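Scroll down for the structure; my scribbles are underneath it.
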Amino acid sequence: MRTLTIAAAAAATLLAGCAKPGPPPKPQPGSWSMKMELVDAQGPDADKVKAMMGPMFASMSNMSICITPEASAKSDPTKGITQGGDCKFDRQEVNSSGIHVSGVCTKNGTQSKVTADGSITATSQDLTMQTETTPPGGKAPMSMKLRMQMQRTGDCKPGDITPPAGSGPM
């Protein structure tokens, strides 16, 4: 679940900021399918990370999420941006024509370079996130590249996961 939280925080980070020509649209209420993929991991323990996250993301790809009208209305793309860290962004283009974010976040002596690019509409999201994390003490950095795709598939249905309003990556 920690990885899901990290992925949600990363998605929230992608949606942070504001720029013209307008804010990204709120997600349409309904059932959304989700696919998350670990595209690449490099650095110490990269094989362990791939072995752990690959199957976890694959299992998450079978989930459907119900976005209620209340959740859509309360959608706060800035929620959870820093997750307790200090972030400085050199690029924050989040608007109706795309998402392009880059910056550096620091938490407990660990520094992470974060980039995110993608598209968001009222019925779909396609986001690619990349992080390069450098732990304190001169340890070797770890880099990961993730891709998250979400698509509205229709009305909410039994079996969909219904997160509390304002809590998810949307």
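Here the structure is a predicted model, which is why all the values come from computation and not from measurement.
- With no hydrogens or angles considered, no side-chain donor-acceptor pair links Ser102 and Thr115 at under 3.5 Å.
- Between Ser112 and Val104, every side-chain heavy-atom pair lies at or beyond the 4.5 Å cut-off.
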Can Lys145 and Thr128 be said to form a side chain to side chain contact (heavy atoms under 4.5 Å, CB included), step by step? CA-CA 7 Å; Lys145 185 175 185 178; Thr128 300; 3.6 Å; yes

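- Scanning both residues, Gln151 and Ser124, for their nearest heavy atoms gives OE1-CB, 3.4 Å.
- Two residues are said to be in side-chain contact when any heavy atoms from C-beta on lie closer than 4.5 Å; Lys50 and Leu38 meet this criterion.
- With Met34 as reference, Met150 is the one residue of Met150, Gln125, Gln149 to meet the side-chain contact (heavy atoms from CB on, under 4.5 Å) rule.
- Checked by atom type and distance alone, the side chain of Ser72 pairs as donor or acceptor with a backbone atom of Pro27 at under 3.5 Å.
- Residue Pro141 comes nearest to Pro135 through the heavy atom pair CA-CD, 4.3 Å, listed as atom of the first residue, atom of the second, then distance.
- Atom-to-atom distance recorded for Met36:CE and Leu146:CG is 6.0 Å, nearest 0.5 angstrom.
- Of the inter-residue distances, the one linking Met142 atom CE with Thr133 atom OG1 reads 8.5 Å to the nearest 0.5 angstrom.
- For Lys157, the NZ atom is densely surrounded, since the number of other residues' heavy atoms within 6.0 Å is greater than 12.
- Here the closest non-hydrogen pair linking Cys66 and Thr162 is CB-OG1, 3.4 Å.
- With respect to the salt-bridge test (charged N to carboxylate O, under 4.0 angstrom), the residues Asp86 and Lys88 qualify.
- Both Met129 and Val49 are members of a single hydrophobic cluster when ILVMFWY side chains are connected at heavy-atom separations under 4.5 Å.
- Within the model, atoms CZ of Arg147 and NZ of Lys35 stand 7.0 Å from one another, a figure rounded to the nearest 0.5 Å.
- Residues Met52 and Met148 share a single hydrophobic cluster, defined by chaining ILVMFWY side chains whose heavy atoms lie under 4.5 Å apart.
- To the nearest 0.5 Å, atoms CG (Asp160) and CE (Met63) are separated by 11.5 Å.
- When all heavy atoms of Ser64 and Ser31 are compared, the pair lying nearest together is CB-OG, 3.9 Å.
- Between Arg152 and Asp155, the closest side-chain pair of non-hydrogen atoms falls below 4.5 Å.
- Cluster annotation: Met56 is connected to Ile161 through the hydrophobic network of ILVMFWY side chains, with a link wherever side-chain heavy atoms come within less than 4.5 Å.
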